[in-house]
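Here the structure is a predicted model, which is why all the values come from computation and not from measurement. Hydrogens, waters and symmetry mates are skipped; everything else that's a heavy atom, side chains included, is used.
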Amino acid sequence: MSGYVCTVAGGKGGVGKTTTAVNVGSALQEMGYDVAVVDADLGMANLGAMLSVEPERSLHEILAGDGAVSEALTDAPGGLTVIPGEQSLEAFADADPAKLRKVIKTLRNAYDVVLIDTGAGLSHEVAVPLGLADGIVLVTTPDTVAVGDTVKTAELADRIDGNVIGAIINRVTRHTDVAAITEQFDFPLLAVIPDDPQATTEEPLVLNAPESSAADAFRRLTTALEGLWFHDQSVEEDIDTIVDDDWFVDGEEGDTDAEDEDSGGGVFGLFN
């Protein structure tokens, strides 16, 4: 049986696509799945730097025809397998996004889950991994531009018959108007990930800051995704948006009167 391929996408850079792929992958690995994460952000690859690993071969070299997939498989924290990319313009110029199809086919036959981390924008190099996926998870922050770009990414996925499972909103605070954001979506909201400045900056959070609110959110999201991918659950019938009021009660400046804040919209206005 071949593995499940999930593309983690979003129209704007810096919203947390790589962080999401790494933490979901690490949580799945903890659950007993063999997981590979591929850095298909060909212009701004940062997976290797985030995890402090150096591959024998990069994804860019494979896409340029200069190496085999097996040479690029790199061990990462928690038993995760990753295929990092390069950041040089020369490597970007030589990489052929169309060859990603063969890479993913090879990994699908060797791993339970393949997570594809994508770049920003609506280019061909972004469209290819959208079309290769069994399911697409979109990532945005509450930023207006990021939300709008995520909606555009979903529209692109629809045009190439991609399957958008849903979205997560990253860096949410108790003041975030989640309801107003989700009104712009034509796809389900899977989870919110709290802004957690107390957590370590060393990724994956689920390994290095397991008690943090953000790690808790990623673990719950991963459990939900496992149900969707492997246990015939559906977003409409089996999955509630993942959020915990306790993530937002303490630790944020100005939150001395939680009861008053609860009545003012934001995450609590939507989910309470």
Atom of Pro142, atom of Ile181 and distance for their closest heavy-atom approach: CA-CD1, 3.8 Å

Gln184, CD atom: more than 12 neighbouring heavy atoms under 6.0 Å: yes

Under 3.5 Å side-chain donor-acceptor pair for Thr173 and Asp195: no

Validation row: Phe248, Val243 side chains within 4.5 angstrom (heavy atoms): yes

Stepwise side-chain contact (heavy atoms from CB on, under 4.5 Å) test for Asp94 and His60: CA-CA 7 Å; Asp94 292 339; His60 287 72; over 6 Å; no

Tyr4 and Phe230 aromatic ring geometry - parallel, tilted or perpendicular at 30°/60° bounds: perpendicular

Contact check, side chains of Ile165 and Trp229, non-hydrogen atoms, under 4.5 Å: yes

Partner of Thr182 under side chain to side chain contact (heavy atoms under 4.5 Å, CB included), chosen from Val147, Asp177, Leu189: Leu189

CG on Leu156 to NZ on Lys152, rounded to 0.5 Å: 11.5 Å

Minimum-distance pair of heavy atoms, taken over all atoms of Ala209 and Ala199: CB-CB, 4.2 Å

Gap between atom CG of Leu130 and atom CG of Asp158 - 0.5 Å precision: 11.5 Å

Short side-chain to backbone donor-acceptor contact, Asn23 and Leu205, under 3.5 Å: yes

Carboxylate-amine/guanidinium contact Arg220 Asp244, below 4.0 Å: yes

Val206 and Thr222, any side-chain heavy atoms less than 4.5 Å apart: no

Within one Ile-Leu-Val-Met-Phe-Trp-Tyr cluster: Phe185 and Val145, side-chain cutoff 4.5 Å: no

pair Leu107-Leu73: side-chain heavy atoms closer than 4.5 Å: yes

Residues, nucleotides or ligands: over 12 heavy atoms within 6.0 Å of Met31 CE: yes

Reference residue Pro84; test side chain to side chain contact (heavy atoms under 4.5 Å, CB included); the match among Val53, Asp117, Val38: Val53

Separation of Ser52 OG from Glu202 CD (nearest 0.5 Å): 7.0 Å

From Thr176 atom OG1 to Arg174 atom CZ, the distance as rounded to the nearest 0.5 Å: 10.5 Å

Residue pair Asp134 / Gly3: nearest heavy atoms and the distance that separates them: OD2-O, 3.9 Å

Side chain proximity check, Ile62 to Lys99, heavy atoms < 4.5 angstrom: no

Reference residue Lys12; test side chain to side chain contact (heavy atoms under 4.5 Å, CB included); the match among Asp149, Thr140, Thr141, Thr153: Asp149

Test side-chain contact (heavy atoms from CB on, under 4.5 Å) applied to Leu225 and Leu190, step by step: CA-CA 9 Å; Leu225 291 174; Leu190 299 174; 4.2 Å; yes

Leu63 and Val103, any side-chain heavy atoms less than 4.5 Å apart: yes

Expected output: side-chain Arg57 to main-chain Ser70 donor-acceptor under 3.5 Å: no

Distance (rounded to the nearest 0.5 Å) between Glu71 CD and Glu61 CD: 8.5 Å

Distance-minimising heavy-atom pair for Ala191 and Leu221: CB-CD1, 4.1 Å

Positive for side-chain hydrogen bond (donor to acceptor under 3.5 Å, both in side chains) with Thr18, one of Asp39, Asp41, Thr118, Asn46: Asn46

Shortest non-hydrogen contact from Thr81 toward Tyr111: CG2-OH, 3.3 Å

Student check: side-chain heavy atoms of Pro55 and Ile83 closer than 4.5 Å: no

Val192 and Trp247: CA distance, side-chain angles, deciding distance, side-chain contact (heavy atoms from CB on, under 4.5 Å) verdict: CA-CA 10 Å; Val192 301; Trp247 295 338; 4.3 Å; yes

Straight-line distance of Thr20 OG1 to Ile168 CD1, nearest 0.5 Å: 3.5 Å

ILVMFWY network linking Met44 to Leu115, side-chain heavy atoms under 4.5 angstrom: no

Side-chain heavy-atom pair Val235, Leu228 within 4.5 angstrom cut-off: yes

Non-hydrogen atoms of Ile193 and Ala217 that approach each other most closely: CD1-CB, 3.7 Å

Side-chain donor/acceptor of Asp196 to backbone N/O of Ser212, under 3.5 Å: no

From Leu80, Thr19, Leu51, residue fulfilling side chain to side chain contact (heavy atoms under 4.5 Å, CB included) relative to Pro204: Leu51

side-chain contact (heavy atoms from CB on, under 4.5 Å) evaluation trace for Glu30 with Leu207: CA-CA 9 Å; Glu30 283 185 333; Leu207 298 181; 3.3 Å; yes

